[in-house]
Engineer: 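Sharing a structure with you now.
This structure is a prediction, so every number in the text was calculated from the model and none was measured.
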Amino acid sequence: MDNDQKVKQLYTKLDTQIKASQLKGALKTIGEVLAVVPKDDLATRCKAIAEVKLSQFEDALKTIEKASPAARNELQLEKAYALYRLNKLDQALEACASVPESQASARLQLEAQVLYRQGNAAASIPKYDELIKTHQETSQDITTNTLAAYVTGGRSAEVPTVMQALGANAKDRYEVAYNFACSLVATEKVPEAEEWLLLAQRLGQETLFEDELTEEEVADELLPVTVQLGYVAAAAGRTQEALDLFTTALKVDSTDAASKAVATNNLVAARGPRELFDAMKRLDRVLASPSPSCTQLSPQLEGRLSGAQQEALLFTRLLVLMHSNKLEPCKALAGVLAQRFPSSHIPLMIQASLMLRERKEKSAAGARADETLAAFAKAHPPSSRHVALMRAQIAAAAGNYRRAADLLAEIQELEGALAVAATMVALYEAAGELELAEAVLSTTLQKLEAQPKDAAAAAAAKQLRSAAAAFMAKHGRHQQAAELYAALVKDGGDEEVLASLVRSSAHVDFAAAQAHAQALPAVAGAAEVDL
């Protein structure tokens, strides 16, 4: 049998093996072809593709490198995919640029995945958009990945529109329900997000059990849902429930290192300054080194966490160091993170806290911290609210109550909030600035009364009016106190409020006080008292 006949028979055998998905056997047959015809381009291409499908990525790259220029040009997509799977992301993107136009759809999908893995979800969105609009790609994988890119890329508000364009219904598939829920979390619609997460969990269990997965495998597949449910529980103030969910997630036997890392971070954050030794051990396991100044993720997490997730993880570690009183390592890490995340206020606020812990020259340290924070807020307006709160705390700790209250007054986002108003009143009162305290009460009450009337607004106004009345009475402003108590009585105030009205009125209008007193209930046995 001559070589041509032998090669023809081998190709017939190879065709049968490929159709039967017998890739290992196919790879052996390809080797036999190449032994006869070493420079056969078709066999070389088949070999590289089989190696990629068998996850033999290093071998595939060697095969492509040794291929003829013509075969190599046709294998750029396989080369890019192999590099992507080996986490050589920059090289994968370079290879994508050489993929022929006939494979444009596959190239776009791979480019989007590479960019997402690099933590650049925002840049992956145009790739997915082009896939959908130009190539009409709307498979389940494309739909899921596109929605995830919009969420991670900071465009969660657009997710409903994207779902509509894709014809995706969150009630049909758990992956869609999950991504939709994540978009709601990102847009601070936490109660609604929880409903969709519970639906995603139910749909996922139904689908996966129908596919005959075991309970352990289902728990693994739905691990991201469990972690996100923990997050919304924590956001809703249900801390113990959140801790239980994070603990459950961490017990799942899973290769989903990203979800486990997020669960670890959220567990530590939800605990606060408790169980710090355990917190440090858990965080050490998700980083490349237990060194306090390490900021590199462990190898299994490389390319698996978004930039925001990495930032949150490192900031949690920073806070644990501070709460553990490991001040020098904390100071070193804060400096590193301030350079890595120059627009974040958190490292700077930790540095300010460390300055205030200096035993010597506390007043000078406070002044330095305040000056540093003020300069940062000016350069980064989005962080001004957080920075102003920190500066107010510094001023209050130094006994400068007027300045602390003034700083709170500058935070427009918190204007009208009852807790902030109460703090400002207390600070102005401590500073002896009663007129300013009264102005805060009056302004806040006016804003509340101007809001649309609902049960919550009415309750808040009543609460503030009661506090304002007590403040006025305490500081001898009896006329204002009487007016406020009168409004409270009219609004259904109890006997204690009525008694307060009588007391305040007695200082400014005795006749009115007597008239109000008539509405007070008789004291049992008072008639028998011999005065």
Engineer: How far apart are the C-alpha atoms of Ser298 and Leu287, what are their side-chain angles, what is the distance that settles it, and do they pass the side chain to side chain contact (heavy atoms under 4.5 Å, CB included) test?
Structural biologist: CA-CA 4 Å; Ser298 61; Leu287 294 171; over 6 Å; no
Engineer: Can you confirm whether Asp494 is buried at CG, in the sense that more than 12 heavy atoms of other residues, nucleotides or ligands lie under 6.0 Å from that atom?
Structural biologist: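 Check passes, neighbour count above 12.
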Engineer: Mind checking whether Leu166 and Val176 have side chains closer than 4.5 Å, heavy atoms only?
Structural biologist: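 They are not in contact (no side-chain heavy atoms under 4.5 Å apart), so the answer is no.
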Engineer: What I'd like to find out is whether the side chain of Ile411 reaches to under 4.5 Å of the side chain of Val420, using heavy atoms alone.
Structural biologist: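 No, side chains not in contact.
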Engineer: To check you understand the geometry: which heavy-atom pair defines the closest contact between Ala481 and Ala469, and what is its length?
Structural biologist: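 Scanning both residues completely, I find the closest heavy atoms to be CB-O, 3.7 Å.
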Engineer: For Gln514, is the CD atom crowded, meaning more than 12 foreign heavy atoms sit under 6.0 Å from it?
Structural biologist: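 Buried by this count: over 12 neighbours within 6.0 Å.
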Engineer: Would you confirm whether Ser324, through its side chain, and Lys326, through its main-chain N or O, come within 3.5 Å as a donor-acceptor pair?
Structural biologist: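 No, the answer is negative, given that no donor and acceptor are paired below the 3.5 Å cut-off.
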Engineer: Checking salt bridge (Lys or Arg N to Asp or Glu O under 4.0 Å) for the pair Glu371/Arg368: CA distance, chi angles, key distance, verdict?
Structural biologist: CA-CA 5 Å; Glu371 185 179 340; Arg368 287 201 312 276; over 6 Å; no
Engineer: State, yes or no, whether a side-chain contact exists between Val218 and Leu222 at a heavy-atom distance under 4.5 Å.
Structural biologist: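 A side-chain contact exists here, since the closest heavy-atom pair is under 4.5 Å.
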Engineer: Under the 3.5 angstrom rule, does the side chain of Thr187 hit a backbone N or O of Leu184 as a donor-acceptor pair?
Structural biologist: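 Checking the backbone N and O of Leu184 against the side chain of Thr187, a donor-acceptor pair under 3.5 Å is found.
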Engineer: Who are the side-chain hydrogen bond (donor to acceptor under 3.5 Å, both in side chains) partners of Glu241, not counting sequence neighbours?
Structural biologist: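 In terms of side-chain hydrogen bond (donor to acceptor under 3.5 Å, both in side chains), with neighbours along the sequence ignored, Glu241 is linked to Arg238.
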Engineer: In Å, rounded to the nearest 0.5 Å, how long is the span from CG of Leu348 to NE2 of His380?
Structural biologist: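 So the CG of Leu348 and the NE2 of His380 are separated by 9.5 Å.
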Engineer: Kindly indicate, with the supporting measurements, whether the criterion side chain to side chain contact (heavy atoms under 4.5 Å, CB included) is fulfilled by Arg402 and Leu427.
Structural biologist: CA-CA 6 Å; Arg402 163 71 187 268; Leu427 289 168; over 6 Å; no
Engineer: Taking the side chain as every heavy atom from C-beta outward, state whether Gln351 and Thr372 have any atom pair closer than 4.5 Å.
Structural biologist: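 Sidechains of Thr372 and Gln351: no contact.
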Engineer: side-chain hydrogen bond (donor to acceptor under 3.5 Å, both in side chains) for Arg340 and Gln310? Distances and angles first, verdict last.
Structural biologist: CA-CA 11 Å; Arg340 181 168 173 179; Gln310 292 181 49; 3.2 Å; yes
Engineer: Taking all non-hydrogen atoms of both residues, which atom of Cys330 and which atom of Leu321 are closest, and how far apart?
Structural biologist: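 Taking every non-hydrogen atom into account, CB-CB, 3.9 Å.
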Engineer: Would you check if there is a donor-acceptor pair between the side chains of Gln479 and Glu483 at a distance under 3.5 Å?
Structural biologist: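 There is such a pair (donor and acceptor under 3.5 Å, judged by atom type) between the side chains of Glu483 and Gln479.
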Engineer: Show your working on side chain to side chain contact (heavy atoms under 4.5 Å, CB included) between Glu217 and Leu208 and close with a plain yes or no.
Structural biologist: CA-CA 9 Å; Glu217 290 170 331; Leu208 297 170; over 6 Å; no
Engineer: Rounded at 0.5 Å granularity, tell me how far CG in Leu333 sits from CG in Leu314.
Structural biologist: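 These two atoms lie 7.0 Å from each other.
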Engineer: Flag yes if more than 12 heavy atoms outside Glu495 fall under 6.0 Å of its CD atom; otherwise flag no.
Structural biologist: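 Result for CD/Glu495: open.
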Engineer: Sequence neighbours left out, what pairs pass salt bridge (Lys or Arg N to Asp or Glu O under 4.0 Å) with at least one residue falling in residues 309-318?
Structural biologist: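 Every pair satisfying salt bridge (Lys or Arg N to Asp or Glu O under 4.0 Å) with a residue in residues 309-318: Asp284-Arg317.
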Engineer: Tell me if the CD atom of Glu215 is crowded by more than 12 foreign heavy atoms within 6.0 Å.
Structural biologist: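 Counting other residues, nucleotides and ligands, CD of Glu215 stays at 12 neighbours or fewer.
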Engineer: Looking at side-chain heavy atoms only, is the closest gap between Arg304 and Leu297 below 4.5 Å?
Structural biologist: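 When only atoms from C-beta onward are counted, Leu297 and Arg304 do not touch, as no gap falls below 4.5 Å.
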Engineer: Enter the distance from Thr295:OG1 to Leu318:CG here, rounded to the nearest 0.5 Å.
Structural biologist: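 The OG1 atom of Thr295 sits 12.0 Å away from the CG atom of Leu318.
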Engineer: For salt bridge (Lys or Arg N to Asp or Glu O under 4.0 Å), just list the numbers for Lys281 and Glu275, CA-CA rounded to whole Å, side-chain angles, deciding distance to a tenth of an Å, and then say yes or no.
Structural biologist: CA-CA 10 Å; Lys281 285 200 303 180; Glu275 301 183 53; over 6 Å; no
Engineer: Show the nearest heavy-atom pair for residues His345 and Ser383, with the distance to one decimal.
Structural biologist: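 Distance-wise, the nearest heavy atoms are ND1-OG, 3.6 Å.
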Engineer: Does any donor atom in the side chain of Gln240 or Asp244 lie under 3.5 Å from an acceptor atom in the other side chain?
Structural biologist: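 Present: a donor and an acceptor within the cut-off.
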Engineer: If you define the side chain from C-beta out and look only at heavy atoms, does anything of Leu408 sit under 4.5 Å from Thr423?
Structural biologist: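 Of all side-chain heavy-atom pairs linking Thr423 with Leu408, at least one is under 4.5 Å.
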Engineer: Can you pull out every ring-ring contact (aromatic ring centres under 6.0 Å, His included) where at least one residue sits in residues 473-502? Sequence neighbours excluded, please.
Structural biologist: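 Listed by first then second residue: Phe471-His475, His478-His507.
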Engineer: Mind listing the closest non-hydrogen atom pair of Ala170 and Ala177 along with its distance?
Structural biologist: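 Scanning both residues completely, I find the closest heavy atoms to be O-CB, 3.2 Å.
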Engineer: How about Thr239 and Arg271: does a side-chain donor come under 3.5 Å of a side-chain acceptor?
Structural biologist: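 No, because no side-chain N or O of Thr239 sits under 3.5 Å from a partner of the opposite role on Arg271.
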Engineer: Calculate, to the nearest 0.5 Å, the distance between atoms CE and CG belonging to Met472 and Leu484 respectively.
Structural biologist: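 Between Met472 CE and Leu484 CG, I get 6.0 Å after rounding to 0.5 Å.
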Engineer: Using a 3.5 Å distance criterion without hydrogens, assess whether the side chain of Gln309 forms a donor-acceptor pair with backbone atoms of Ser306.
Structural biologist: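 Between the backbone of Ser306 and the side chain of Gln309 there is a qualifying donor-acceptor contact (under 3.5 Å).
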Engineer: Residues in side-chain hydrogen bond (donor to acceptor under 3.5 Å, both in side chains) with Arg403, at least two apart?
Structural biologist: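 Scan of Arg403 (side-chain hydrogen bond (donor to acceptor under 3.5 Å, both in side chains), adjacent residues dropped) gives Asp370.
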Engineer: Locate the shortest heavy-atom distance separating Leu501 from Ala486; write the atom from each residue and the value.
Structural biologist: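 For Leu501 and Ala486, the tightest heavy-atom pair comes out as CD1-N, 3.8 Å.
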Engineer: Do Arg173 and Gln140 have side chains that get closer than 4.5 Å, going by heavy atoms?
Structural biologist: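 Yes, side chains in contact.
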Engineer: For Ser254, check side-chain hydrogen bond (donor to acceptor under 3.5 Å, both in side chains) against everything at least two apart and list the hits.
Structural biologist: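 For Ser254, the residues satisfying side-chain hydrogen bond (donor to acceptor under 3.5 Å, both in side chains) (neighbours in sequence not counted) are Asp220.
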Engineer: Which pairs pass ring-ring contact (aromatic ring centres under 6.0 Å, His included) with one or both residues in residues 146-184, sequence neighbours excluded?
Structural biologist: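 For residues 146-184: Phe180-Trp196.
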Engineer: Got a sec: does the CD of Gln393 have more than 12 other heavy atoms crowding it under 6.0 Å?
Structural biologist: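 Count not over threshold, so no.
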Engineer: Taking all non-hydrogen atoms of both residues, which atom of Ala482 and which atom of Ser505 are closest, and how far apart?
Structural biologist: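 Nearest heavy atoms, Ala482 then Ser505: CB-OG, 3.9 Å.
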Engineer: Answer with yes or no after comparing the ring centroid distance for Phe246 and Tyr231 against a 6.0 Å cut-off, counting only values under it.
Structural biologist: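 No.
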Engineer: Is the closest side-chain heavy-atom distance between Asn145 and Tyr128 below 4.5 Å?
Structural biologist: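 Yes, at least one pair of side-chain atoms sits under 4.5 Å.
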Engineer: Measure the spacing between CG of Asn169 and NZ of Lys171 and express it to the nearest 0.5 Å.
Structural biologist: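 Between atom CG of Asn169 and atom NZ of Lys171 there are 7.0 Å.
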Engineer: Looking at Asp256 and Lys260, is any side-chain nitrogen of the basic one under 4.0 Å from a carboxylate oxygen of the acidic one?
Structural biologist: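 Salt bridge between Lys260 and Asp256, a charged N being under 4.0 Å from a carboxylate O: no.
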Engineer: Would you say the side-chain atoms of Ser442 pair up with the backbone N or O of Ala439, donor to acceptor, closer than 3.5 Å?
Structural biologist: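 Side chain of Ser442 to backbone of Ala439: no pair is present.
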Engineer: Start with the C-alpha distance between Thr264 and Arg285, add both sets of side-chain angles, then the distance that settles side chain to side chain contact (heavy atoms under 4.5 Å, CB included), and finish with yes or no.
Structural biologist: CA-CA 10 Å; Thr264 296; Arg285 286 196 286 268; over 6 Å; no
Engineer: At what distance, to the nearest 0.5 angstrom, does CG of Asn179 lie from CE of Met163?
Structural biologist: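 With rounding to 0.5 Å, CG (Asn179) is 9.0 Å from CE (Met163).
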